[in-house]
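As a basis for the values below, the full set of heavy atoms in this structure was taken, side chains included, without hydrogen atoms, waters or symmetry mates. Just so you know, ligand 1 is whichever comes first in the structure, and atom 1 is the first atom listed for that ligand.
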Amino acid sequence: MGAWVLVAVASRHGATQEIGEAVAQVLRARGNAVDVRDVEDVTDVAGYDAVVVGSAVYTAHWLPAARELVARERDALAARPVWLFSSGLATQPAAAANSPHEIAALGATIGARGHRSFRGRLDRSVLSFTERAIIAGARGRDGDHRDFPAIERWAAEIADVLADERASV
Ligand SMILES: Cc1cc2nc3c(=O)[nH]c(=O)nc-3n(C[C@H](O)[C@H](O)[C@H](O)COP(=O)(O)O)c2cc1C
């Protein structure tokens, strides 16, 4: 039997949601049962063996609902294996502006096994007026920059860890 895994995602325009679904697909193919949920719909993580939490990065921060989930479920998350991922468009050296200390601190409070940043997707046509104004000054290029093979490799690493840990129980 595989593990019960929750993939909790904070996404404004769907790019991060689809990354979460790609992670879930790999975990399922490896024999795990996986729920993908919006972070706002997660009331309790206690029923799961492991949790993956992902958020889009907006103006250098994880979305508030993702940060709130980690704070709210801190004790339960600390008691099980957790992996974090971010989806954003900043590239080096701009990635250094994506609050790496904030994410590291968040991960430390729950003993997260790791954190990965994946490139996201920018479609200016779906943005709100405010979002367009914010992004106007940024050099972020329109388009889908998501690297699904990299996402799938990361998910496979998680599946390996879960399988090893279940085998050693
Ligand atoms: C208003 C706005 C602000 C953004 N700020 C950042 C940022 O600070 N750092 C970053 O890496 N990406 C930033 N991005 C890019 C988004 O994180 C990226 O498009 C992401 O994949 C969107 O995910 P979503 O579709 O799940 O909301 C920004 C995008 C918008 C529209």
Side-chain angles (χ1 to χ4, degrees), residues 5-29 32 34-43 45 48 50-73 77 82-110 112-159:
V5 185
L6 172 66
V7 177
V9 183
S11 175
R12 265 198 204 158
H13 297 295
T16 315
Q17 173 77 24
E18 289 168 9
I19 293 173
E21 276 157 17
V23 169
Q25 218 166 12
V26 170
L27 294 176
R28 283 191 195 112
N32 301 287
V34 188
D35 289 335
V36 181
R37 296 219 191 293
D38 189 304
V39 288
E40 295 190 20
D41 297 333
V42 176
T43 49
V45 303
Y48 295 96
V51 182
V52 177
V53 185
S55 177
V57 178
Y58 280 87
T59 49
H61 298 283
W62 261 26
L63 288 170
R67 287 183 267 139
E68 280 158 26
L69 170 67
V70 173
R72 188 168 73 237
E73 290 294 306
L77 290 170
V82 176
W83 286 266
L84 309 177
F85 73 86
S86 303
S87 141
L89 286 181
T91 49
Q92 296 294 343
N98 272 354
S99 310
H101 300 301
E102 186 179 281
I103 293 176
L106 206 65
T109 62
I110 52 168
R113 303 290 182 98
H115 168 255
R116 257 313 164 79
S117 287
F118 296 113
R119 302 204 67 203
R121 178 182 65 193
L122 182 65
D123 176 359
R124 281 170 211 262
S125 71
V126 303
L127 300 182
S128 69
F129 179 80
T130 312
E131 285 180 324
R132 244 178 263 197
I134 291 168
I135 208 80
R139 285 174 300 151
R141 280 174 299 135
D142 245 54
D144 190 349
H145 305 283
R146 292 171 298 173
D147 182 349
F148 281 101
I151 293 161
E152 286 160 7
R153 281 196 300 276
W154 184 67
E157 286 171 24
I158 294 176

Margin query: So if I count the atoms of ligand 1 from 1 in the order they appear, which ones are less than 4.0 Å from some heavy atom of A56?
Written below: 23 (O), 24 (P), 26 (O), 27 (O)
Check: Do any N or O atoms from the side chain of S117 and from the backbone of S86 form a donor-acceptor pair under 3.5 angstrom?
Finding: no
Margin query: Need the ligand 1 atom indices (1-based, order shown) with element for anything under 4.0 Å from a heavy-atom of G120.
Written below: 21 (O)
For residues 51-59, which side-chain donor-acceptor pairs fall under 3.5 Å, sequence neighbours excluded?
unit_1: S55; atom_1: OG; unit_2: L63; atom_2: N; d: 2.9

Margin query: Show me which atoms of ligand 1 lie under 4.0 Å from any heavy atom of S87.
Written below: 17 (O), 20 (C), 21 (O), 23 (O)
Notebook entry, point to check: Is there a donor-acceptor contact under 3.5 Å from the side chain of R67 to the main chain of W62?
Noted result: yes
Next item on the list: Number the atoms of ligand 1 from 1 as they appear, then name those within less than 4.0 Å of a heavy atom of T59, with their elements.
Entry: 3 (C), 4 (C), 5 (N), 6 (C), 7 (C), 8 (O)
Check: Which bit of L127 is near ligand 1, meaning a heavy atom under 4.0 Å away: side chain, backbone, both or neither?
Finding: side chain
Next item on the list: Give the numbers and elements of all ligand 1 atoms closer than 4.0 Å to a heavy atom of T16.
Entry: 23 (O), 24 (P), 26 (O)
Check: Under 4.0 Å from ligand 1, counting heavy atoms only, is it the side chain of R121, its backbone, both or neither?
Finding: backbone
Next item on the list: List every atom of ligand 1 that sits less than 4.0 Å from any heavy atom of N98, numbering the atoms from 1 in the order shown and giving each element.
Entry: 7 (C), 8 (O), 9 (N), 10 (C), 11 (O)
Next item on the list: Mark yes or no for whether R146, through its side chain, and I19, through its backbone, hold a donor-acceptor pair below 3.5 Å.
Entry: no
Margin query: Under 3.5 Å between any N/O of A10 and any N/O of ligand 1: does that happen in this structure?
Written below: no
Check: Is the side chain of D38 donor-acceptor paired with the backbone N or O of E40 at a distance under 3.5 Å, no angle test?
Finding: yes
Notebook entry, point to check: Short question: side chain of R132, backbone of L127 - any donor-acceptor pair under 3.5 Å?
Noted result: yes
Note to self: For atom 7 (C) of ligand 1, which of the options A90, A60, G88 provides the nearest non-hydrogen atom?
What the structure shows: A60
Next item on the list: Taking side chain to side chain donor-acceptor pair (under 3.5 Å) as the test, write out the residues that go with E21, two or more places apart.
Entry: Q17
Margin query: Can you name the atoms of ligand 1, numbered from 1 with element, that are less than 4.0 Å from a heavy atom of R12?
Written below: 24 (P), 26 (O), 27 (O)
Checklist line | Over all atoms of both residues, closest heavy-atom pair of H145 and D142 | finding: NE2-O, 3.7 Å
Check: Would you say ligand 1 has an N or O under 3.5 Å from any N or O of I135?
Finding: no
